[in-house]
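Shown next, in structure tokens, is the structure this report addresses.
Bear in mind the structure is a predicted one, so any value in this text is a computation, not a measurement.
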Amino acid sequence: MSNQGIHSKLVTLFSLLLTLLFAYTAVSKLIELDTFQWRLERIPFIAPYASLISWSVPFLELIIAGLLWLPRYKIMALYASFMLLGIFTLYIVLVLKFSDSIPCSCGGVISALGWTDHILLNVSFMVLALLGILWSKKKYNTQTHQNTT
């Protein structure tokens, strides 16, 4: 099997893992929407937007999870995954650095992770998204080059 074949299978695996992560956390947040919003309201710089964020984040996660399975939107969804996880990671770092109260607004069992574990989980999934982007682009560029020659 060529590298391209392996990379294609790995991109599919990474898409599955990102889908599971986003679908799980989104559903967990929606099931406990009041708790999720309450936790957001406890964070001073987020409090004014807690209601909007409590609805938009889980729906954004679900949209990204769905787009990961549409070939036309896969690279865009991988970029969105990378950026959203980056925002979550930056949020954690800022809260750890500047807040006395550190509420976790995550969903499900992920909220039971320690902060270091949480950052490592996010960064690991960011690496998967980045590899998915690089390998998808490589595949796309290879196909485009073959079609023009």
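- Residue pairs meeting the salt bridge (Lys or Arg N to Asp or Glu O under 4.0 Å) criterion with at least one partner in residues 48-63, sequence neighbours excluded, are Lys29-Glu61.
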Show every donor-acceptor pair shorter than 3.5 Å between a side-chain atom in residues 63-78 and any protein atom, with sequence neighbours excluded, or say none if there are none.
unit_1	atom_1	unit_2	atom_2	d
Trp69	NE1	Thr19	OG1	2.7
Lys74	NZ	Ser15	OG	3.3
Lys74	NZ	Leu68	O	3.2

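- Sequence neighbours left out, not one pair with a member in residues 122-136 passes salt bridge (Lys or Arg N to Asp or Glu O under 4.0 Å).
- Trp38 is not connected to Tyr91 by any chain of hydrophobic side-chain contacts under 4.5 Å among Ile, Leu, Val, Met, Phe, Trp and Tyr, and they are in different clusters.
- Here Tyr79 pairs with Lys137 under the side chain to side chain donor-acceptor pair (under 3.5 Å) rule; sequence neighbours left out.
- Partners of Leu131 under the side chain to side chain contact (heavy atoms under 4.5 Å, CB included) rule, at least two apart in sequence or in another chain, are Phe14, Val127, Trp135.
- One distance of note links CG of Leu10 with CG of Leu16; it measures 12.0 Å at 0.5 Å rounding.
- Leu96 and Ile87 are assigned to two separate hydrophobic clusters, defined by single-linkage of ILVMFWY side chains at heavy-atom distances under 4.5 Å.
- Partners of Ile31 according to the side chain to side chain contact (heavy atoms under 4.5 Å, CB included) rule, which considers only residues two or more places apart in sequence or in another chain, are Val27.
- Cluster annotation: Leu33 is connected to Phe59 through the hydrophobic network of ILVMFWY side chains, with a link wherever side-chain heavy atoms come within less than 4.5 Å.
- Legend: residues meeting side chain to side chain contact (heavy atoms under 4.5 Å, CB included) with Leu130, ordered by chain and number and at least two apart, are Phe82, Leu134.
- Atom CE of Met83 sits about 14.0 Å away from atom CG of Leu90, to the nearest 0.5 Å.
- A 4.5 Å side-chain heavy-atom check between Leu18 and Leu85 finds at least one atom pair inside the cut-off.
- Take Thr35 and apply the side chain to side chain contact (heavy atoms under 4.5 Å, CB included) test, not counting sequence neighbours, and it matches Glu32, Arg39.
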Show me the side-chain donor-acceptor pairs of residues 45-55 shorter than 3.5 Å, one per line, residues at least two apart or across chains.
unit_1	atom_1	unit_2	atom_2	d
Ser54	OG	Gln37	OE1	3.4
Ser54	OG	Ala50	O	3.2
Ser54	OG	Ser51	O	2.8

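- Residues Phe125 and Ser81 fail the side-chain proximity criterion, which asks for heavy atoms closer than 4.5 Å.
- Hydrophobic clustering (side-chain heavy atoms under 4.5 Å, transitive across Ile, Leu, Val, Met, Phe, Trp, Tyr) groups Ile6 together with Leu128.
- Leu30 is listed as a side-chain neighbour of Leu62, based on a closest heavy-atom distance under 4.5 Å.
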